[in-house]
There are 2 protein chains.
Amino acid sequence: MASESMSPELMRCVADRFKALAEPARLALLHALRGGDRTVSELVEVTGMGQANVSKHLQVLHGHGFVARRKDGLFSWYSLADQDVLRLCDIVCGRLEKEASAQQRMLANG
Amino acid sequence: MASESMSPELMRCVADRFKALAEPARLALLHALRGGDRTVSELVEVTGMGQANVSKHLQVLHGHGFVARRKDGLFSWYSLADQDVLRLCDIVCGRLEKEASAQQRMLANG
DNA sequence: TCACTATATTCCTATCTGGTTGAGTAACTG
DNA sequence: CAGTTACTCAACCAGATAGGAATATAGTGA
């Protein structure tokens, strides 16, 4: 997979997935969902964002399969669709930590 | 890591990393670098993009540590900094493949 | 039916950024 | 030194989008 040649369409699909994660607001929502299912209102309260904004970002995440939605009466319960998104974030966070500690060593030895 | 609470700054850093990958042009450059080191001109030829455009995208990737640069006379040789970016792309590609095959099953079973 | 609540959607505006163009910089050649 | 090559930088424009306000939709209960 992802080997020899990649079609421009596939490239765009992959880029769109990354773009869905390339927004602090959406990362905050995903982070809030680590604790379990949440309704939109709960996410509004936790993140401090506007309701329309939260709803809109959740649509993006849901459209790309990063979160699952379950309707229950008036409420929409959102949850992490799987562990992939956490793996993605962990790789990036690992890089940032590695760079931060490397920079600290630079300052210490420099 | 990436556990309990994440500062808004960290959230922004992570989002910026994803944003660097959220562009088909940059993914095309990274893909071209899978085969080994390449000069800017080579990448221009392979991708069909403009030279200034390639150079600018490479600055972004380099600024976020995804590619390494080595200067040799007139040439700038770019290469993948490490395997992390491939792992990230593989996770996303794996998702896309899984969804594609699931959709095929949907169509087959109706 | 009407009001109320939770969520989704639409419209608007400010901001950001990808791509292009043209100028600028640095290294090699003669 | 001038000329060429390889690359980078700066300015511009067009398209995309995050955020907020207002509105729409849908479920609930009186």
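The chains referred to below are lettered A, B, ... by the order of the sequence lines, with proteins before strands, and numbering in each begins at 1. Just so you know, these numbers come straight off a predicted model, no measurement behind them.
Of the candidates C:dT20, C:dT10, C:dT7, the closest approach to any side-chain atom of A:Val40 belongs to C:dT7. Nearest nucleotide to the side chain of A:Ala52, out of D:dG19, D:dA18, D:dA22: D:dA22.
Protein atom CZ of A:Phe75 is 16 Å distant from nucleotide atom C1' of D:dT25, rounded to whole Å. When rounded to the nearest whole Å, the span between NE2 of A:His57 and P of C:dT7 equals 17 Å. For A:Lys56 and C:dT10, the NZ to P distance is 11 Å, given to the nearest whole Å. Here C:dC16 presents its C1' atom at 13 Å from CZ of B:Arg12, a figure rounded to the nearest Å. Across the protein-nucleic acid pair, B:Leu74 atom CG and D:dT5 atom P stand 10 Å apart, rounded to whole Å. Atom CE of A:Met49 is separated from atom C1' of D:dT17 by 14 Å (rounded to the nearest Å). Between the NZ atom of B:Lys19 and the C1' atom of C:dT17 there is a distance of 9 Å, rounded to whole Å. If you measure from atom CZ of B:Arg70 to atom P of C:dA27, you get 16 Å, rounded to the nearest angstrom.
If you check every strand for non-hydrogen atoms under 4.0 Å, A:Ser55 touches a base. Among the heavy atoms of the strands lying under 4.0 Å from B:Glu23 are primed sugar atoms or P, OP1, OP2 only; no base atom is included.
With hydrogens and angles ignored, a donor-acceptor pair closer than 3.5 Å exists between the side chain of A:Gln51 and the base of C:dA8.
Here A:Gln59 reaches the OP1 or OP2 of C:dA8: one of its side-chain N or O atoms lies under 4.0 Å away. The shortest distance between the side-chain N/O atoms of A:Asn53 and the OP1/OP2 oxygens of D:dA18 is not below 4.0 Å. A close approach under 4.0 Å does not occur between any side-chain nitrogen or oxygen of B:Arg69 and OP1 or OP2 of D:dC7. Residue A:Tyr78 places none of its side-chain N or O atoms closer than 4.0 Å to OP1 or OP2 of C:dA6. The side chain of A:Ser41 places no N or O atom within less than 4.0 Å of a non-bridging phosphate oxygen (OP1 or OP2) of C:dT5.
Using modelled atom types, one finds a donor on one side chain and an acceptor on the other under 3.5 Å when comparing B:His57 with B:Arg26. Using a 3.5 Å distance cut-off with no hydrogens or angles, the side chains of A:Arg69 and A:Tyr78 do pair a donor with an acceptor.
Closest-nucleotide positions on DNA chain D for A:Gly73 and B:Leu58 were compared, and the one nearer the 5' end corresponds to B:Leu58.
Cluster membership for B:Val46 and B:Leu80, using ILVMFWY side-chain heavy atoms within less than 4.5 angstrom, is not shared.
Here the shortest heavy-atom pairing between B:Ala28 and A:Met11 reads CA-CE, 3.6 Å.
Between A:Asp84 and A:Arg87, at least one side-chain N (NZ, or NE/NH1/NH2) sits under 4.0 Å from a carboxylate O, which counts as a salt bridge.
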